[in-house]
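Comments concern the structure below.
None of the values given here were measured: they were computed from a predicted structure.
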Amino acid sequence: MTLTASYEHCRRLNARHGRSFYLATLLLPAWKRRHVHALYGFTRHVDDIVDACGETAADPGDRAGALDEAARRLTAGLAGEVVDDPVLPAFVHTVRSFGIERGDLDAFLRSMRTDLTVTRYATYDDLLVYMEGSAAAIGLMMLPVLETVPGAERRAREPARELGRAFQLTNFLRDVAEDLARGRVYLPQEDLAKFGVTEDDLHGGGRGRALRELVAFEAGRAREHYRRALDGVELLTPSSRPCIRAAHELYGGILDEIAAAGHDVLTARARVPRHRRAAIFARHLLAASAAGRAERRRPAGVR
């Protein structure tokens with residue numbers, strides 16, 4: 001696959017599976033946008049290996065083997081070898097272009113491997129360890145592509161990690177039923193016990209007060225991650241800020257929809273209405289256009 005075709009494949013993956021995030025990426029300058037799609041494409045590809053294979057393969061070794069092969073192809077691609085994979089040409093090109101750290105890639109792959117064997121998390125701290133690779137590391141991968149203002153690289157790292165955690169926890173709440181069908185419960189076991197919720201309640205599609213209070217509690221945690229992530233927006237170059245602000249609102253909007261449904265996450269999957277997504281996009285479009293024009297006019301090395 002050519003590099004151009006690989007980037008287009010990643011773009012399509014993002015458009016198909018990450019509609020809210022894809023909408024936010026349209027606010028980025030085109031040259032940044034394709035690299036963000038490449039990061040999304042690779043992480044989605046690996047996630048699909050774990051999830052799709054998990055639904056069809058009785059032997060966990062089959063899933064582990066598929067993940068091993070994905071890691072082997074990544075290593076080969078980063079070493080300059082030509083690999084037969086639709087997402088890797090774009091992803092490897094992005095990683096090498098921006099000097100994305102291999103440690104972040106390995107952290108992501110470790111968390112994906114965890115999904116092969118770990119289906120419950122005793123405490124929120126345990127879940128945070130998982131999210132360090134599945135979410136925080138992705139935020140760190142994004143950071144070089146988005147660019148920071150001079151001298152802000154180190155200060156921007158923690159807000160980037162926080163935004164990854166916020167997105168991930170939002171997805172966990174939205175996808176409780178979907179994850180349950182795969183045999184996974186990401187809601188910490190100590191929290192279920194604290195609110196008096198059992199897994200039988202989840203399997204029964206329960207909408208009782210205890211479950212709604214549990215979901216509201218976890219949503220509060222997610223909102224705190226979003227709040228902490230906001231500190232990093234001004235550390236990004238101006239042309240990246242509208243995208244991240246929009247993504248912040250779009251994903252935060254999922255929590256709003258969960259709240260509007262009485263924190264019932266089992267009856268229907270929470271979605272931000274199309275008209276609200278369009279309004280968020282339109283609100284940030286003017287700022288994105290102005291920032292892009294200003295950066296194109298600015299001499300190299302001057303911010």
Side-chain angles (χ1 to χ4, degrees), residues 3-4 6-7 10-11 13-14 18 21-22 24-47 71 74-75 77-80 87-112 131-168 225 228-248 251 288 291-292 294-296 298 300-303:
L3 185 60
T4 298
S6 182
Y7 272 114
C10 291
R11 186 197 67 78
L13 281 176
N14 196 168
F21 184 62
Y22 180 77
T25 68
L26 298 180
L27 296 168
L28 287 170
W31 73 266
K32 290 184 181 182
R33 194 182 310 150
R34 70 170 189 160
H35 295 297
V36 172
H37 292 159
L39 294 177
Y40 180 95
F42 176 76
T43 55
R44 178 74 199 196
H45 177 62
V46 173
D47 192 54
L74 173 60
T75 298
L78 290 173
V87 303
L88 276 182
F91 182 69
V92 167
H93 182 255
T94 292
V95 168
R96 296 175 73 177
S97 296
F98 292 90
I100 293 172
E101 295 183 12
R102 180 61 194 257
D104 293 331
L105 308 183
D106 291 340
F108 169 71
L109 291 171
R110 280 196 302 272
S111 282
M112 293 301 97
M131 290 196 292
E132 188 61 31
S134 67
I138 296 174
L140 293 177
M141 290 183 216
M142 286 274 293
L143 202 53
V145 177
L146 296 175
E147 297 184 291
T148 58
V149 297
E153 291 85 354
R154 293 184 63 84
R155 286 184 291 140
R157 288 177 64 83
E158 188 55 31
R161 295 167 73 234
E162 286 285 11
L163 191 58
R165 295 181 187 116
F167 288 170
Q168 179 78 91
H225 288 303
R228 295 173 183 169
L230 276 177
D231 295 339
V233 175
E234 293 302 315
L235 301 178
L236 300 175
T237 53
S239 65
S240 291
R241 293 171 194 167
C243 166
I244 299 307
R245 287 193 179 109
H248 190 285
Y251 270 82
E295 288 189 3
R296 286 194 296 272
R298 190 172 296 129
V302 177
R303 293 182 182 272

Query raised in the report: How far does NE2 of His248 sit from CG of Leu163, to the nearest 0.5 angstrom?
Result: 6.5 Å

Query raised in the report: Can Arg245 and Glu234 be said to form a salt bridge (Lys or Arg N to Asp or Glu O under 4.0 Å), step by step?
Result: CA-CA 10 Å; Arg245 287 193 179 109; Glu234 293 302 315; 2.3 Å; yes

Query raised in the report: Are Thr75 and Arg102 close enough that a side-chain donor and a side-chain acceptor fall under 3.5 Å?
Result: yes

**Report entry** Euclidean distance, Leu146 CG relative to Ile244 CD1, rounded to 0.5 Å
**Finding:** 4.5 Å

Query raised in the report: If you round to the nearest 0.5 Å, how far is CD1 of Ile138 from CZ of Phe167?
Result: 11.0 Å

Query - Basic-acidic side-chain contact under 4.0 Å: Lys32, Glu147 - result: yes

Query raised in the report: Rounded to the nearest 0.5 Å, how far does CG of Leu235 lie from CG of Leu143?
Result: 9.0 Å

Query raised in the report: For Thr25 and Tyr40, does a side-chain donor sit closer than 3.5 Å to a side-chain acceptor?
Result: no

Query - Leu26 and Arg33: CA distance, side-chain angles, deciding distance, side chain to side chain contact (heavy atoms under 4.5 Å, CB included) verdict - result: CA-CA 7 Å; Leu26 298 180; Arg33 194 182 310 150; 4.1 Å; yes

Requested in this report: Indicate the atoms forming the closest heavy-atom contact of Met131 with Arg165, along with that distance.
Outcome: SD-O, 4.1 Å

**Report entry** Rounded distance (nearest 0.5 Å) linking atom CG of Asp106 with atom CZ of Arg110
**Finding:** 6.0 Å

Query raised in the report: Distance-only, no hydrogens or angles: does the Ser240 side chain make a donor-acceptor pair with backbone N or O of Leu236 under 3.5 Å?
Result: no

Query - Distance flag, aromatic centroids of His35 and Tyr7, threshold under 6.0 Å - result: yes

Report task. Return yes if a side-chain donor-acceptor contact under 3.5 Å exists between Ser111 and Glu132, otherwise no. Result -> no

Query raised in the report: Rounded to the nearest 0.5 Å, how far apart are CG of Leu140 and CG of Asp104?
Result: 5.0 Å

Requested in this report: Consider only side-chain N and O atoms of Tyr22 and His37, and report whether a donor and an acceptor are under 3.5 Å apart.
Outcome: no

